Number of protein chains: 2
Amino acid sequence: MVNKDPFYLGRLQDYYALHRLIPSYAEIASLVGVSKQGAVKFIDRMIFAGYIRKGSGGRLSPANMFFARPHVGRAPAGFASPATEALGDAITIDEYLVERPSSTVLVSVRGDSMIDAGIHDGDFLIVERNTNPNIGKIVVAIVDGDFTIKYLRSGSDGLFLEPANEDYPNIYPETSLDIYGEVVGQFRKF
Amino acid sequence: MVNKDPFYLGRLQDYYALHRLIPSYAEIASLVGVSKQGAVKFIDRMIFAGYIRKGSGGRLSPANMFFARPHVGRAPAGFASPATEALGDAITIDEYLVERPSSTVLVSVRGDSMIDAGIHDGDFLIVERNTNPNIGKIVVAIVDGDFTIKYLRSGSDGLFLEPANEDYPNIYPETSLDIYGEVVGQFRKF
DNA sequence: TTGCCAAGTGTACGTTCGTACACCATGCTG
DNA sequence: CAGCATGGTGTACGAACGTACACTTGGCAA
């Protein structure tokens, strides 16, 4: 008989997708159709393989491999590299994009003033609240009470905002520049 | 005294980010600095507010609101709309972008042949395996053993691939066209 | 063929968990 | 001022949990 662990793991992943919780050994047992001790042995294997972790009190939680999605790398050759190395330690897209959840908001993009930076109308931006970002970053600024997404530049007259679209002019603040945050990521659905 | 629940919730979210597990009542108690029964009451409030769910055996798991990130909408006026309506029912960026985890892979983008579609060098694409996508979609095709990202078009001589960059030519397959999957999403870190 | 390891079953046990009930302090409202 | 909802504490208890140990079965290698 072939190795049934991938099938077991699939059941576990389905359950997790539904409940966001790794069930108890007894529940795993009935979920995959083995005895409670069979489940214990199975989970031991999953822990060894890096799919599952054990928290305090022996409670189970998913580990990195549990979320790993096949990543087809830049390599020209084909389907190699099942790893998610390129994503670093992140185990979900969420974790890759959002480093500081408590100070992060999402912003919808309207208009095409940043299109040369690959930011299109309808995109979502991941914005970290930070009123003092570095020069050169893409920032969310508040101009006339409205959000605007631009590059933060520094000129001889101080800071100004530069769009990534030659059809739009630079914005030079009359008094001061209100920065809402820094754009750290972007995503879009087709 | 102000409402301390947001502070409690923050502790819980930090813990969850670390362990991917809502701790037991006893652990919550020591985490936020109240008694076990205080934790029970607090969790009751969180359940009522939609932040936490209860699974089998009374075990706690995060619910929709637990992941909700403030979403600053398209509205010109300001910081309104804490809701994530624009993301639909998705509670994480992951769930928004990946609808069918089992048939989804990530692909790194190399080159700028799709730059007018907002797909830049270094971006990640969410690709659903599907060898028969609809005309007009962005697809991952296999040409000469290499991946290539292009629009799938239909002409008088059958299917062909069209880049989103006028510096690149259309690709007309000599025999047949190998489609790996359809590009359903994209994300990038700045 | 013998031996061994891996996968799975059954039973038992101490601990921890979630739940319930009684009670206290605070602040707002009629 | 009385009343009451809210947030919190302390104690108690049965159920469910994770763990441990002994045993069985099947496949594979020596």
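Protein chains get the first letters and strands the later ones, always in sequence-line order, with residue 1 at the start of each. What you are looking at is a predicted structure, and each value in this text was computed from that prediction instead of being measured.
- Within the helix from C:dT1-D:dA30 to C:dG30-D:dC1, the inter-axis angle between the opening and closing five-pair segments is 30°, rounded to 10°.
- In this structure, OH of B:Tyr25 is placed 15 Å from P of D:dC17, rounded to the nearest angstrom.
- Checked for salt-bridge contact, A:Glu162 and A:Lys150 miss the test: no charged N lies under 4.0 Å from a carboxylate O.
- Residues B:Thr148 and B:Leu161 have side chains in contact (heavy-atom distance under 4.5 Å, counting atoms from C-beta outward).
- In this structure the side chain of A:Asp112 reaches within 4.5 angstrom of the side chain of A:Asn165, judged on heavy atoms.
- Listed nucleotides: C:dT19, D:dC17, C:dC17. Nearest to the side chain of B:Lys54: C:dT19.
- Following rounding to the nearest Å, A:Ile28 (CD1) and C:dG8 (P) show an atom-to-atom distance of 13 Å.
- Two residues are said to be in side-chain contact when any heavy atoms from C-beta on lie closer than 4.5 Å; B:His120 and B:Val109 fail this criterion.
- B:Leu152 has its side chain out of reach of B:Ile138: every pair of non-hydrogen atoms, C-beta onward, lies at least 4.5 Å apart.
- Put simply, the side chain of B:Leu106 reaches to within 4.5 Å of the side chain of B:Ile126, judged on heavy atoms.
- Here A:Arg11 pairs with nothing under the salt bridge (charged side-chain N to carboxylate O under 4.0 Å, His left out) rule; sequence neighbours left out.
- Rounded to whole Å, the distance from CG on A:Asp44 to P on D:dG18 is 12 Å.
- One atom, CZ of B:Phe42, and another, C1' of D:dG8, lie 14 Å apart when rounded to the nearest Å.
- Across the protein-nucleic acid pair, B:Phe48 atom CZ and D:dA5 atom C1' stand 14 Å apart, rounded to whole Å.
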From CA spacing to verdict: ring-ring contact (aromatic ring centres under 6.0 Å, His included), A:Phe187, B:Phe124: CA-CA 9 Å; A:Phe187 65 96; B:Phe124 288 101; over 10 Å; no

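- The CG atom of B:Leu9 sits 15 Å away from the P atom of D:dG7 (whole-angstrom rounding).
- Judged as a ring-ring contact (aromatic ring centres under 6.0 Å, His included), the pairs with a partner in residues 10-46 of chain B (not counting sequence neighbours) are, in order, B:Tyr8-B:Phe42, B:Tyr15-B:His19, B:Tyr16-B:Phe66, B:Tyr16-B:Phe67.
- Here the nucleotide nearest the side chain of A:Arg59, chosen from C:dC17, C:dT19, D:dT19, is C:dC17.
- Side chains of B:Tyr151 and B:Asn170 form no contact here, defined as non-hydrogen atoms less than 4.5 Å apart.
- If you check residues 32-40 of chain A against DNA chain D, the residues with a heavy atom closer than 4.0 Å are A:Lys36, A:Gln37, A:Val40, listed by number.
- Taking A:Lys189 as the reference, B:Glu99 meet the side chain to side chain donor-acceptor pair (under 3.5 Å) condition, with sequence neighbours excluded.
- At whole-Å resolution of the value, CG in A:Leu60 and C1' in C:dT16 are 15 Å apart.
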Hey, what are the protein-to-nucleotides 4-7 of chain C N/O distances that come in under 3.5 Å?
none

